[in-house]
Structure formats: C-alpha cells, structure tokens
A.B. asks: 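Structure below; questions to follow.
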Protein chains: 2
Amino acid sequence: MNEQLARSGLHQQIGFALRQASSAVWSDLVATLAPFDLRPQVYATLLIVEANAGCKQQDIADALGIHRPNLVALVDDLVARNLIERSVNAADRRSYSLVLTDEGKAHLDAARAAHKVHEGRIAKALGSAPHSGLIDALTNLAKIGTPR
Amino acid sequence: MNEQLARSGLHQQIGFALRQASSAVWSDLVATLAPFDLRPQVYATLLIVEANAGCKQQDIADALGIHRPNLVALVDDLVARNLIERSVNAADRRSYSLVLTDEGKAHLDAARAAHKVHEGRIAKALGSAPHSGLIDALTNLAKIGTPR
DNA sequence: TATTGTTATACTCTATAACTATA
DNA sequence: TATAGTTATAGAGTATAACAATA
C-alpha cells in the first residue's frame, strides 16, 4: 500500500481487513499446496473425507460452505487421480460414499506436512501477541507473502 | 455445516476460518451497500478518494491490493454517475487527479451510515469477548447472515 | 527506461436453474 | 414431494500481456 496515502479508515474496518488477510493467507496456502497439485478446497475435501469416511458430496459442500454443483468437477478429478474412491451408497442409491484410497491417504499426509509449515508462517505473521486484537492480527496476516 | 460431520480440523485452521469469515462478512457488506448501488470495492474507492483528494488510480489499486486494469471500469462508472471527477494532473499528464463531487460526497455519507449499521452487526457477531481468541472470533463472524 | 492508464483476455471461485435417478 | 448428483451457464473478482502517452 502507498505509504503516502492518507488514511481513509479502510484498514480499520473489519470487512476490508478480513478480505485482505484472507486473500493473503489463501495465496500462501495455494502456493503451499501447489507442489502436490492440490487447491485449498481440494485439500480440504481430502481432510473431510479422511475424517468422515463414507460421506457424500453434499456433506462436503456444506462443510466448505459452497454449493453442490461446484464439487462435481473437484470430486471427478480426485477420483481420476485415484486419491478417493466413489462407490454407490447401498442404503441410498442417490448418493455416493466417498473414502480415501491408500494413495490418497499418502498424498494427504505429504500435503499435510507442507500445510504445517504454512501454519508456522501464519503464526509468525501473527507475532508474539496473537490475542492483542483482531485488527492487528489481521493486519499482520495481510502481510504474508510480502518481502520483509 | 452438517453437524453430524466429524471434525476434520478444518475450522481450526486459520486459512479456512479466515476464508469463511471473510466470505460471510463480505456478503453482508454487499447486501448493506446494494441499496446505494455500490459494491464494496466501489465504496472503498469513494472512501479513499475522499481521504486523498487528487489521488490517482494507481494509488487506489495499491490501497485495495488489486491491479490497475481492474480499476478502469470501476472509475469509469463512478465518473459516469457523477460521483467522482477525473481531471488531468497538470504536474504529470500521465495520470488523472480524482476528487469527489458534491453528489459523490452526499452519496458516500448516506452509504457510510448504512455501513455503520453493518459494523454493528459485526460487533454483535463478535460477541461480548472479542479478544478471547482469533479463531473464536472468526468462527462467530462466519455465522453472520445465518438465521439464529 | 519506467510509469499511468488502457484494452483484451483468462482463470478461479461461487451462484442459479433445470435435468435425472432415486427416495 | 424431496434429495443427490449432474449439466450448463453466469457473474464477481482478480491476473497477465501488450499498447499508447508521458515522464
């Protein structure tokens, strides 16, 4: 941000502070997971399927806070890569039962290790007084990925 | 989120918590500003121009953390609506000098009143102990707009 | 050379409507 | 009727490359 620019009060407002912090952290997460060919939502899907073996796509959409149609291509891709297995749910043949494959579990474990490093960067960005105030914390978060 | 769904640890992770909180607050802000025909970034642009009369588009892009091409249509629209005035900067004829019109100032003031109400909703969602922890705060924020 | 604004373009994420198959 | 998955489509928001005008 241009330091000469007078304060418009923008970065004191929770909506914009959240937006910028979220954007910065998301970008860092995208870069973190890229070596594993995983987008954040795809990684999250693997986490959810791991913790909820046999869940259906609707469950994942709810957990991610998005709509069902947006999960279709995502799950298709995971199945094509043999990271999850999609089988018809015998009890209710409208839905699928999703489970991690062994390969999916191994891939998730590798990505999780990288994610841990990412969380470390966040902790560092939050500084030594993470509870000193939400705006301060978010302002610091928004600086993730900025050369220091 | 499906309450039956076992915890995948997802909502304990800052990246996803931020994402969901940001999304919820942003949606609330969009709805708040809609009656004024302003998107959040357009409203933010008015705030920046008000606090930095004579600034150029590049300044706004920097403040918003976006790239210059994405501001062109936005500023065009504000000029067409007679909310800001764009005049050639005599000192550097490459750039424009942006200032609020009287109409723009009045429109911004009206929107700002609505924005205050939105901030009240956020304060309420944050609860009475806003500093008790970042994740808790964000989890509460993510519930904005959810029927309680 | 570097910067400002611009145009054209593309990608990600998310939303809605309508279909199918099952219940 | 309602639900799960799907298809097609649309919209916001942001990104990059390349150009003209100006410095």
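In what follows, chains carry the letters A, B, and so on, assigned in the order in which the sequence lines appear, proteins first and then strands, with residues in each chain numbered from 1.
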A.B. asks: Between B:Arg86 and C:dT6, does any side-chain N or O lie under 4.0 Å from OP1 or OP2?
C.D. replies: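 Looking at the OP1 and OP2 atoms of C:dT6, one of them is under 4.0 Å from a side-chain N or O of B:Arg86.
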A.B. asks: For D:dG13, does either OP1 or OP2 sit under 4.0 Å from a side-chain N or O belonging to B:Arg39?
C.D. replies: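 It does, given that an N or O in the side chain of B:Arg39 lies less than 4.0 Å from OP1 or OP2 of D:dG13.
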A.B. asks: Could you tell me how far apart A:Leu38 (CG) and C:dT12 (P) are, to the nearest whole angstrom?
C.D. replies: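 Nearest whole value for this atom pair: 14 Å.
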A.B. asks: Can you check the A:Leu33 CG to C:dC13 C1' distance for me, whole Å?
C.D. replies: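 So the two atoms are 16 Å apart, to the nearest Å.
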A.B. asks: Please give me the minimum heavy-atom distance between A:Ala110 and A:Phe36, naming the atom from each residue.
C.D. replies: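 That closest heavy-atom pairing would be O-CZ, 3.5 Å.
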A.B. asks: Between atom CD1 in A:Ile60 and atom P in C:dT14, what is the gap in whole Å?
C.D. replies: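 So the CD1-P distance, A:Ile60 to C:dT14, works out to 14 Å.
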A.B. asks: By nearest atom, which of the nucleotides C:dC13, C:dT4, C:dT14 is closest to the A:Gln41 side chain?
C.D. replies: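 It is C:dT14.
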A.B. asks: Measure the spacing between CZ of B:Phe16 and OG of B:Ser23 and express it to the nearest 0.5 Å.
C.D. replies: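 Taking CZ in B:Phe16 and OG in B:Ser23, the distance rounds to 13.5 Å.
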A.B. asks: With a 4.0 Å cut-off on N to O distance, would you call B:Asp76 and B:Arg86 a salt bridge?
C.D. replies: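 Yes, B:Asp76 and B:Arg86 are salt-bridged.
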A.B. asks: Would you call B:Arg112 and B:Glu119 a salt bridge, taking side-chain N to carboxylate O under 4.0 Å as the test?
C.D. replies: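 A salt bridge is absent here (no side-chain N lies under 4.0 Å from a carboxylate O).
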A.B. asks: Can you measure B:Asp76 atom CG to C:dT4 atom P for me and round it to whole angstrom units?
C.D. replies: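 Rounding to the nearest Å, CG of B:Asp76 and P of C:dT4 are 18 Å apart.
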A.B. asks: Taking atom P of C:dC13 as reference, at what distance in whole Å does atom CG of A:Leu71 sit?
C.D. replies: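 Going from A:Leu71 (CG) to C:dC13 (P), I get 12 Å.
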A.B. asks: Looking at D:dG13, I'd like to know if its phosphate oxygens (OP1 or OP2) sit under 4.0 Å from a side-chain N or O belonging to B:Trp26.
C.D. replies: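 Checking D:dG13 against B:Trp26, a side-chain N or O does come within under 4.0 Å of OP1 or OP2.
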A.B. asks: Please determine whether a side-chain nitrogen or oxygen atom of A:Arg19 lies at a distance below 4.0 Å from atom OP1 or OP2 of D:dA12.
C.D. replies: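 So the side chain of A:Arg19 is outside the cut-off, no N or O lying under 4.0 Å from OP1 or OP2 of D:dA12.
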A.B. asks: Between A:Gln20 (CD) and D:dG13 (P), how many Å, whole number?
C.D. replies: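 The answer, rounded to whole Å, is 14 Å.
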A.B. asks: According to ring-ring contact (aromatic ring centres under 6.0 Å, His included), who are the partners of A:His115, at least two apart in sequence or on a separate chain?
C.D. replies: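 If we apply the ring-ring contact (aromatic ring centres under 6.0 Å, His included) test to A:His115, skipping adjacent residues, the hits are A:Tyr43, A:His118.
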A.B. asks: Which heavy atom in B:Ala51 sits nearest to a heavy atom in A:Ser8, and how many Å separate them?
C.D. replies: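 For B:Ala51 versus A:Ser8, the nearest heavy atoms are CB-CA, 3.6 Å.
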A.B. asks: What string of B, S and - do you get for nucleotides 16-23 of chain C, 5' to 3', when a contact is any protein heavy atom under 4.0 Å?
C.D. replies: BB----BS
A.B. asks: On DNA chain C, does the nearest nucleotide to B:Ser95 precede the nearest nucleotide to A:Ile66 from the 5' side, or the other way round? Give the residue.
C.D. replies: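 Looking at DNA chain C, the more 5' nearest nucleotide goes with B:Ser95.
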A.B. asks: Contact between B:Asn52 and B:Asp59 at the side-chain level, heavy atoms closer than 4.5 Å - yes or no?
C.D. replies: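 Answer no - side chains too far apart.
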A.B. asks: With respect to the phosphate group of D:dA4, does any side-chain polar atom (N or O) of A:Gln58 fall under 4.0 Å of OP1 or OP2?
C.D. replies: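 Answer yes for this pair, as a side-chain N or O of A:Gln58 is under 4.0 Å from OP1 or OP2.
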A.B. asks: Can you check the B:Asp62 CG to C:dG5 P distance for me, whole Å?
C.D. replies: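 It works out to 10 Å between those atoms.
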A.B. asks: Using whole Å, report how far CG of B:Leu64 lies from C1' of D:dA12.
C.D. replies: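 In whole Å, D:dA12 C1' and B:Leu64 CG are 15 Å from each other.
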